[in-house]
Amino acid sequence: MILEVSEVSKVYEGVNRSLTVLDDINFSVEEGETVAIVGASGSGKTTLLGLCAGLDVSSSGEIRLVNHHLNLLSENDKAEVRNKHIGFIFQNFQLLPTLTAMENVMLPLELQDKAAEAGHKAKELLERVGLGDRMNHYPNQLSGGEQQRVSLARAFSNTPDILFADEPTGNLDDETSVVVEKLLFDLNKEHNTTLVIVTHDMELARKTSRIIRLKGGKIMTDEKVKA
Amino acid sequence: MKTGLLFKNAFRDSRRDRGKLILFMSSIVLGVAALVAINSFNYNLVRDIDRQAKSLLGADLVFENNKPFEEEWLNVIDSVPGEKSTEVALLSMAYLPQQEASQFVRIKALEGGFPYYGKLLTEPENFDFQSQQLALVDDGMLLQYNAAIGDSIKLGKATFKIGGRLKSSFGSVDIGSGFAPVVYIGRSYLDSTDLIQPGSLVDYTIYRKTGDDFDPDEWRMLRNDDFRDNGMRIQTVEGQKENLEEAFSSLNNFLNLIALVSLLLACIGVASSVLIYVKNKVKSIAIFRCLGMNGNEAFFIYFIQILALAFLSVLIGAAIGSAIQVFLPIVFESFLPYSVEMEMSWRAIGEGILVGLIITMLFALVPLIRVRNISPLRTLRSSYEEERNQFDRVEWTIYGLIVLAIFGFLWSLMGNLKDAAVFTGGLIGAFGILFGVARIVIWMVRRFFPRNWNFILRQGLSNLYRPNNQTRTLIVSIGLGTAILTTLFIVQGLILKNVSDMGAGNQANTILFGIETKQKDELADITERYGMPLMQQTPIITMDLYGWKGKTKQEWLQDTARTARRWAMNREARVSYSDTVSRNDKVIAGEYIGKVEPGDSIFISLGESWARSLDVGLGDEIVWNVQGALVKTYVGSLREINFRNLETRFFILFPEGVLEDAPQFHVLVTKTPDAETTAAYRNEVVQKFPNVSIIDLGSILVTLNDILSKLSYAIQFMAAFSILIGMIVLISSLFLSKFQRINESVLMRTIGAVKKQILRINIVEYGLLGALSSLTGIFIALVSSFLLVKFVFELNFNVQWIPILVIFVLVTGITILIGLANSREVVNKPPLEILRDNQV
Ligand SMILES: Nc1ncnc2c1ncn2[C@@H]1O[C@H](COP(=O)(O)OP(=O)(O)OP(=O)(O)O)[C@@H](O)[C@H]1O
Ligand SMILES: [Mg+2]
């Protein structure tokens with residue numbers, strides 16, 4: 001198991017009442033699996049993703065990620081786990097505006113002190129996503145789809161064991177979506193990377209091997225997709 | 001993560017935003033420039049004092065006494081090998097017959113080769129006034145009365161030809177010269193003036209030039225106490241150096257304080273610019289964190305950026321400061337007894353860089369350390385608000401260090417723990433008040449938000465508390481700047497007003513002294529003939545303190561357990577007698593007895609402060625030496641003496657019936673109606689009674705005004721730095737907040753707000769900010785100037801509101817103008833362009 005979520009809840013304490021956003025969530029993900037998390041707006045998808053990736057702290061319950069008990073790790077340890085094992089793709093790309101496409105992709109490896117390898121790898125990945133000729137452009141000189149592809153390249157640059165994506169195609173047109181999706185699944189096949197994708201897009205969800213349906217902070221269904 | 005990589009990322013990250021910080025850093029540049037300029041000047045001054053002290057004193061050893069040197073002491077002085085000159089100096093009236101003008105002057109009668117180092121600047125050069133009956137007269141005085149070489153000047157009973165002009169008066173700092181210009185004559189001609197009478201105010205000086213193998217300081221060390229106990233003073237070049245350095249160090253300390261306050265002001269700007277910079281970078285920081293960078297590394301990336309910029313600004317500031325110091329001698333010219341040559345002072349530059357860097361970085365750290373706590377969750381949720389109510393130990397440590405750094409700097413400046421603590425406390429208080437006001441304003445606006453006002457007012461008002469507001473920064477920087485300037489302004493105005501009040505209404509404005517008993521009645525007649533009142537006619541007798549409480553003064557001097565203060569013992573007693581206490585005085589202990597019958601015990605009245613310093617109380621015995629005769633008295637009453645008008649007052653007051661036959665002078669105090677009468681009256685008195693001196697308040701006021709305006713020139717020069725820095729902080733705060741507000745303004749324009757509406761919203765916002773901060777600043781100024789005037793200068797406090805109103809309107813107006821200038825860009829550019837520019 002690369003990810004195990006057991007009895008996880010997330011409660012936001014309000015001024016006079018508390019808001020339970022996630023309520024007793026249980027599931028686990030195996031290595032190489034591709035999982036889609038779907039649900040209505042406000043059902044808690046992003047919150048769940050943030051918890052799984054160690055960006056946030058749960059109110060109760062336990063999460064094991066790549067054999068680490070996230071609850072037991074310090075902020076700095078969690079940062080290191082993210083850097084070594086995890087990739088991210090965000091709905092709104094989240095590229096560093098002050099870095100070029102190339103530098104954005106190099107960053108995770110540089111953080112691992114693998115600067116020498118980084119340039120080579122970044123170039124390869126950017127060519128792979130079709131941006132070989134835009135490497136020295138800044139994010140605001142790229143279109144939305146291009147930015148998303150850079151963020152994809154960055155997510156793969158440290159060859160992660162597990163990749164979290166929060167609506168990776170949410171802001172893209174159909175054609176670009178298809179390109180991005182294909183890249184995601186290709187990389188999954190080549191490196192056996194586990195994919196956890198939050199999405200509204202049922203078509204994308206059906207391409208994964210498993211769909212988890214959230215409603216009001218609870219798991220409604222958790223079923224395998226028939227091929 | 002390797003340090004090299006952190007540096008690389010710091011560089012990359014700053015690449016596109018450096019411009020935003022540079023404007024802010026310019027405030028540090030100015031702050032450090034002020035510090036370096038003042039300190040360079042200071043060090044140059046001290047160095048030149050070292051170089052020139054010898055020619056300032058003019059001799060190796062100088063002896064001063066307020067009565068003729070006695071035989072015994074002359075023998076001691078003559079035991080020093082080398083050359084000798086003597087000088088007798090006194091204040092007196094001079095009369096210029098050709099110009100029909102009279103002037104209060106300081107006569108110096110000189111004999112010998114003084115000055116031995118340096119020389120008197122005269123025209124004709126090396127003019128010899130000692131061997132002929134010629135006077136060397138202050139150039140300024142000759143110019144004032146349009147007198148020339150060859151005219152006459154009457155001093156006492158003798159008339160001299162004016163033989164030369166004195167271009168620069170010697171040795172002392174030039175400040176009093178407008179009041180009593182110097183006239184040099186030969187020592188041998190002094191007697192013919194007949195000005196020296198028992199009891200007149202005369203200073204006797206002996207100058208010695210010693211050989212190279214003689215150590216004047218060692219000689220002085222051995223005998224200084226003896227001389228001092230007998231009312232004399234010995235000066236050497238070394239001692240003179242120390243005196244001068246001391247005299248200038250308080251001015252320098254004061255200017256340094258202004259420079260420090262300017263630097264602090266700049267640092268407020270730094271802190272707020274870094275805060276906004278960091279806020280702009282939150283997204284980037286969250287991504288860094290998400291990709292696996294830990295909090296300290298993220299912090300370090302921004303720390304390096306700020307450190308590099310701060311270092312650069314401090315260096316530029318030091319360079320500009322060294323350039324500015326070249327102009328400082330021009331500003332301070334009128335104070336300096338000699339010319340100062342300006343050289344690069346590496347020490348000042350080093351200190352400026354160090355102090356600037358430390359204080360800047362400490363202030364920048366306050367917002368910077370928050371970078372450590374920025375959560376990676378921000379990548380998922382841009383609105384995510386950090387919960388940072390909890391106590392952050394590092395943050396408080398930094399606040400502590402800031403206070404410590406300021407205190408340390410002040411301590412090294414003032415060399416006095418208590419003063420440094422008081423001033424640090426004052427600064428913290430001022431900052432506290434300003435921050436408090438800002439908080440209260442934000443809270444009040446929120447709490448009592450007027451929902452039914454029109455849109456423009458509401459929008460302007462709500463800008464005060466919305467995210468990224470500049471309320472705190474602006475109130476602190478504008479408020480502090482206003483406070484400093486207003487304080488200077490109020491204090492300066494009050495000193496002048498207190499002095500001019502002395503002559504207002506029915507108060508006396510003219511005082512005549514040195515009147516002999518036989519002249520007294522005729523002088524009173526003349527005064528009444530001019531229609532002027534005789535406000536005070538008092539005798540003055542000089543006497544020496546012989547002993548008190550059963551011991552003689554000599555015995556007390558030997559007594560190690562004595563409690564009396566030295567100044568109180570050595571003071572030459574100037575005594576009057578009267579049957580009543582002056583209306584300026586208040587008896588606070590005992591009872592005043594106005595008349596004593598021959599043979600009865602004599603009860604005198606003492607000024608309370610003098611009695612305290614001599615440590616005597618009611619009933620204690622005091623023995624006086626009245627020109628040879630011993631007179632035994634008892635303390636009968638103590639008075640509190642009010643010094644707020646021109647009438648003479650006496651620490652020691654005898655009853656009638658004791659001193660009538662002792663040699664004495666009289667003082668006459670009156671009020672002249674106007675300048676013409678003053679001049680006519682003065683001329684008549686001087687011609688009839690050459691020995692009588694007249695001082696009128698008008699000339700004192702002119703001199704004081706002159707001194708104060710020279711002083712305030714220097715202060716204003718430094719204050720200009722503060723203003724400039726305040727302005728830059730203001731402009732750059734607004735400039736940065738523009739980036740915060742731009743999207744919103746653009747959105748409003750897209751929705752259809754017209755230019756006028758946006759400008760009006762800004763007028764409301766900045767008008768409120770300007771008004772609030774200048775009001776708070778003025779309030780602080782009122783408090784601090786009240787404390788200064790009351791406890792340091794000990795004067796009456798009252799405020800002129802009109803100039804303060806002007807300050808208020810001006811500061812508010814400037815704030816609005818700068819605010820508007822800033823938003824012009826928003827209004828004039830097409831929305832799209834701004835959005836693209838500002839894309840983060
Ligand atoms: N900091 C917070 N404080 C209080 N409530 C919060 C906070 N963050 C999120 N929520 C609430 O938690 C619920 C789940 O939010 P979440 O972002 O996980 O939903 P989502 O499923 O990702 O929705 P969408 O599809 O719109 O992105 C929402 O109702 C949201 O309002
Ligand atoms: Mg979401």
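A quick note: this is a predicted structure, and the numbers were derived from the prediction, not measured. Values below: every heavy atom of this structure, side chains too, minus hydrogens, waters and symmetry copies. All chains are named by letter (A, B, ...) in the order of the sequence lines, taking the proteins before the strands, and each is independently numbered beginning at 1.
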Look at atom NE2 of His120(A) and say whether more than 12 heavy atoms of other residues, nucleotides or ligands are closer to it than 6.0 Å. no
For Ile86(A), is it the side chain, the backbone, both, or neither that has a heavy atom closer than 4.5 Å to a heavy atom of chain B? neither
Atom CZ of Arg372(B): over 12 foreign heavy atoms under 6.0 Å: yes
If you draw a 6.0 Å radius around CZ in Phe27(A), do more than 12 non-hydrogen atoms from other residues or ligands fall strictly inside? yes
Got a second to check how far Leu55(A)'s CG is from Arg289(B)'s CZ, nearest 0.5 Å? 10.0 Å
Would you say the side-chain atoms of Arg82(A) pair up with the backbone N or O of Cys290(B), donor to acceptor, closer than 3.5 Å? yes
For Met1(A), does the CE atom sit with more than 12 other heavy atoms under 6.0 Å from it, leaving out its own atoms? yes
Using atom types as modelled and distance alone, determine if a side-chain donor or acceptor of Arg154(A) lies under 3.5 Å from a backbone N or O of Leu291(B). no
Using side-chain heavy atoms (C-beta onward) and a distance below 4.5 Å, is Phe90(A) in contact with Ile287(B)? no
